[in-house]
Amino acid sequence: MKKVVKFGGSSLANAEQFQKVGDIIRSDESRRYVVPSAPGKRFDEDIKVTDMLYGCYDAASKGEDITEKINAIKARYYEIIKGLGLSLSLEEEFKKIDEDFRAQAGIQYAASRGEFLNGKIMAAYLGYDFVDAASVIRFDKAGNLEAEETNKLLSKKLSKSQHAVIPGFYGACADGTVKTFSRGGSDVTGSLVAKAIHADIYENWTDVSGFLVTDPRIVHNPEPIEAITYRELRELSYMGATVLHEDAIFPVRKEGIPINIRNTNSPEDKGTLIVESTCKKPKFTITGIAGKKGFCSINIEKSMMNSEIGFGRKVLQVFEDQGISFEHVPSGIDTMTVYVHQDEFEEKEQQVIAGIHRLVQPDFVEMESDLALIAVVGRGMKSQRGTAGRIFSALAHANVNVKMIDQGSSELNIIIGVENRDFEKAVRAIYDIFVLTRI
Ligand code: ASP
């Protein structure tokens, strides 16, 4: 059994957290490949080391003196080293970082040092080999991951190590220029390592016990999700549920490796298992509810639209020409409604309306703003009668007016449009009807 374990910044923010991580790793000998993030926040107002590095590099590129800023970063690492009772010195590494910053080695290089240094500490603490991600994660010059080359380099290197620490978040081009993934990218590194070593499972340790059925800011103490499929997760994350970097899914999904989201501060919790498919019945009919505010709808009406071939294409062409992506397009006999993000649309509103008039000569165009979309997602909805009925009766009882309904034939989700001001109320009503009644 081989496991890849990735730990997020809050799991590695200080020596105490490092110790919890050490206990977790040592309690299971299959946890052989470890991917650390940079130290995160120790308390609410604290600054993540990655953000300190961005700030420091910014100052260096303006020609300011960075001694104090470098010392503050150094202090974060030495606090961990001392707290763990290690005799590790990072003086050489910091000397090099100081020189490289002054020589303006690049903002991505700067940010990557957070993981690099934490990886050094982690390897010393566990007695594992240190594998510099710059030698095994390959980017092209434009900063895109070279997936195949990376997989080759990683498998070759890790086949020689029984136990290794590979820092997250960064890699390098063939010429050695360091590049990073987007923020939160250590999740991606973990996924690439899991694929390369054919891991049985990719454990992603963070500060929550997995995904929750809905946003805890809306529903108090929502139920956790025990198992979720990649498709369900995609729907929920698109609508705002974030725990995992989006690009972390692809490498493991293709290999059929499950991801387990776990909580460093509560290791006894099972967390959420993310799988390609499962015959495990979900606990409730729905797996999760997520949503976002800030949409607007453009409703286009024209009599006999129904028989005008090409009408829909022309309308969508107008949005494409203005560089606006659409979310949903429910249609009626003589109407077609396009849902878009309000902030993207607002600046281009008049051009879009003019374009629609020019291309399809509608009878009229009507717009409505401040709308929210809610996705009710669940593999358990398939072939289950009454799900939609229950959602809408719950919304009616909560006095929420439904503006739009969209259910794809996959029966994996139902999207509901409501007014922004009804958003929280609607989410609570749907949660209650499925979860509190435990059906
Ligand atoms: N340290 C990086 C960040 O703060 C990457 C990561 O934590 O995954 O975004």
Which heavy-atom pair separates [X] from [Y] by the least distance, and what is that distance?
{"X": "Val252", "Y": "Ala194", "answer": "CG1-CB, 3.8 Å"}
{"X": "Glu91", "Y": "Lys74", "answer": "OE1-NZ, 3.1 Å"}
{"X": "Val352", "Y": "Val318", "answer": "O-CG1, 3.5 Å"}
{"X": "Ile201", "Y": "Pro258", "answer": "CG1-O, 3.5 Å"}
{"X": "Thr337", "Y": "Ser297", "answer": "CG2-CB, 3.8 Å"}
{"X": "Asn399", "Y": "Lys425", "answer": "O-NZ, 3.9 Å"}

If you apply the rule side-chain hydrogen bond (donor to acceptor under 3.5 Å, both in side chains), what do you find for Thr150 with Glu148, and how did you get there?
CA-CA 5 Å; Thr150 297; Glu148 263 176 48; over 6 Å; no
The side-chain contact (heavy atoms from CB on, under 4.5 Å) partner of Ile121 among Val165, Leu84, Leu12 is Leu84
Please list all pairs passing the ring-ring contact (aromatic ring centres under 6.0 Å, His included) test where one or both residues lie in residues 33-81, with sequence neighbours left out.
Tyr57-Phe101
Would you list the pairs meeting ring-ring contact (aromatic ring centres under 6.0 Å, His included) in which at least one residue belongs to residues 131-153, sequence neighbours left out?
Phe139-Phe181
Using a 6.0 Å cut-off, check whether atom [atom1] of [X] has over 12 heavy atoms from anything other than its own residue.
{"X": "Glu246", "atom1": "CD", "result": "no"}
{"X": "Phe250", "atom1": "CZ", "result": "no"}
{"X": "Glu16", "atom1": "CD", "result": "no"}
{"X": "Glu226", "atom1": "CD", "result": "no"}
{"X": "Arg421", "atom1": "CZ", "result": "no"}
{"X": "Ile47", "atom1": "CD1", "result": "no"}
{"X": "Arg231", "atom1": "CZ", "result": "no"}
{"X": "Asp44", "atom1": "CG", "result": "no"}

Does any donor atom in the side chain of [X] or [Y] lie under 3.5 Å from an acceptor atom in the other side chain?
{"X": "His245", "Y": "Ser186", "result": "no"}
{"X": "Asp422", "Y": "Asn401", "result": "no"}
{"X": "Asp321", "Y": "Gln317", "result": "yes"}
{"X": "Asp269", "Y": "Ser266", "result": "yes"}

For the atom pair [atom1] ([X]) and [atom2] ([Y]), what is the distance rounded to the nearest 0.5 Å?
{"X": "Ser325", "Y": "Leu316", "atom1": "OG", "atom2": "CG", "value": "11.5 Å"}
{"X": "Leu371", "Y": "Lys403", "atom1": "CG", "atom2": "NZ", "value": "6.5 Å"}
{"X": "Lys195", "Y": "Glu255", "atom1": "NZ", "atom2": "CD", "value": "4.5 Å"}
{"X": "Leu158", "Y": "His163", "atom1": "CG", "atom2": "NE2", "value": "12.5 Å"}

Could you go step by step and tell me if Ile391 and Ile433 meet the side-chain contact (heavy atoms from CB on, under 4.5 Å) rule?
CA-CA 7 Å; Ile391 295 175; Ile433 196 77; 5.7 Å; no
What verdict does the salt bridge (Lys or Arg N to Asp or Glu O under 4.0 Å) test give for Glu276 and Lys254, after you've listed the backbone C-alpha separation in whole Å, the side-chain angles of each residue and the deciding distance to 0.1 Å?
CA-CA 9 Å; Glu276 177 61 42; Lys254 276 196 88 184; over 6 Å; no
Please step through salt bridge (Lys or Arg N to Asp or Glu O under 4.0 Å) for the pair Arg428 and Asp432, ending with a clear verdict.
CA-CA 6 Å; Arg428 264 180 239 126; Asp432 288 355; over 6 Å; no
Asp215 and Tyr431: CA distance, side-chain angles, deciding distance, side-chain hydrogen bond (donor to acceptor under 3.5 Å, both in side chains) verdict
CA-CA 10 Å; Asp215 190 335; Tyr431 180 87; over 6 Å; no
Checking side-chain hydrogen bond (donor to acceptor under 3.5 Å, both in side chains) for the pair Gln17/Asn265: CA distance, chi angles, key distance, verdict?
CA-CA 8 Å; Gln17 290 298 89; Asn265 303 320; 3.0 Å; yes
Residues two or more places apart in sequence or in another chain: which of them pass ring-ring contact (aromatic ring centres under 6.0 Å, His included) with [X]?
{"X": "Phe130", "answer": "Phe116"}
{"X": "Tyr230", "answer": "none"}
{"X": "Phe169", "answer": "none"}
{"X": "Tyr202", "answer": "none"}

Any sub-3.5 Å donor-acceptor pair from [X]'s side-chain atoms to [Y]'s backbone N or O?
{"X": "Asn118", "Y": "Ser37", "result": "yes"}
{"X": "Glu235", "Y": "Val377", "result": "no"}
{"X": "Arg390", "Y": "Phe434", "result": "no"}
{"X": "Thr272", "Y": "Ile225", "result": "yes"}

Which of parallel (below 30°), tilted (30 to 60°) and perpendicular (above 60°) describes Phe295 and His341?
tilted
Evaluate Asp140 against Lys179 for salt bridge (Lys or Arg N to Asp or Glu O under 4.0 Å), listing each step before the verdict.
CA-CA 9 Å; Asp140 65 16; Lys179 299 269 180 195; over 6 Å; no
Can Ile137 and Leu192 be said to form a side-chain contact (heavy atoms from CB on, under 4.5 Å), step by step?
CA-CA 9 Å; Ile137 307 274; Leu192 294 169; 4.1 Å; yes
Evaluation steps, salt bridge (Lys or Arg N to Asp or Glu O under 4.0 Å), between Asp200 and Lys3:
CA-CA 6 Å; Asp200 294 285; Lys3 291 183 181 170; over 6 Å; no
Given Asn260 and Asn204, is the side-chain hydrogen bond (donor to acceptor under 3.5 Å, both in side chains) satisfied, shown in steps?
CA-CA 6 Å; Asn260 192 188; Asn204 188 297; over 6 Å; no
Residue from Thr206, Asp207, Thr264 passing side-chain hydrogen bond (donor to acceptor under 3.5 Å, both in side chains) with Ser11:
Thr264
Would you please test Leu244 and Ile261 for side-chain contact (heavy atoms from CB on, under 4.5 Å) and show each step?
CA-CA 9 Å; Leu244 195 69; Ile261 308 286; 3.9 Å; yes
Residue that, paired with Glu203, satisfies salt bridge (charged side-chain N to carboxylate O under 4.0 Å, His left out) out of Arg32, Lys2, Arg31, Lys6
Arg31
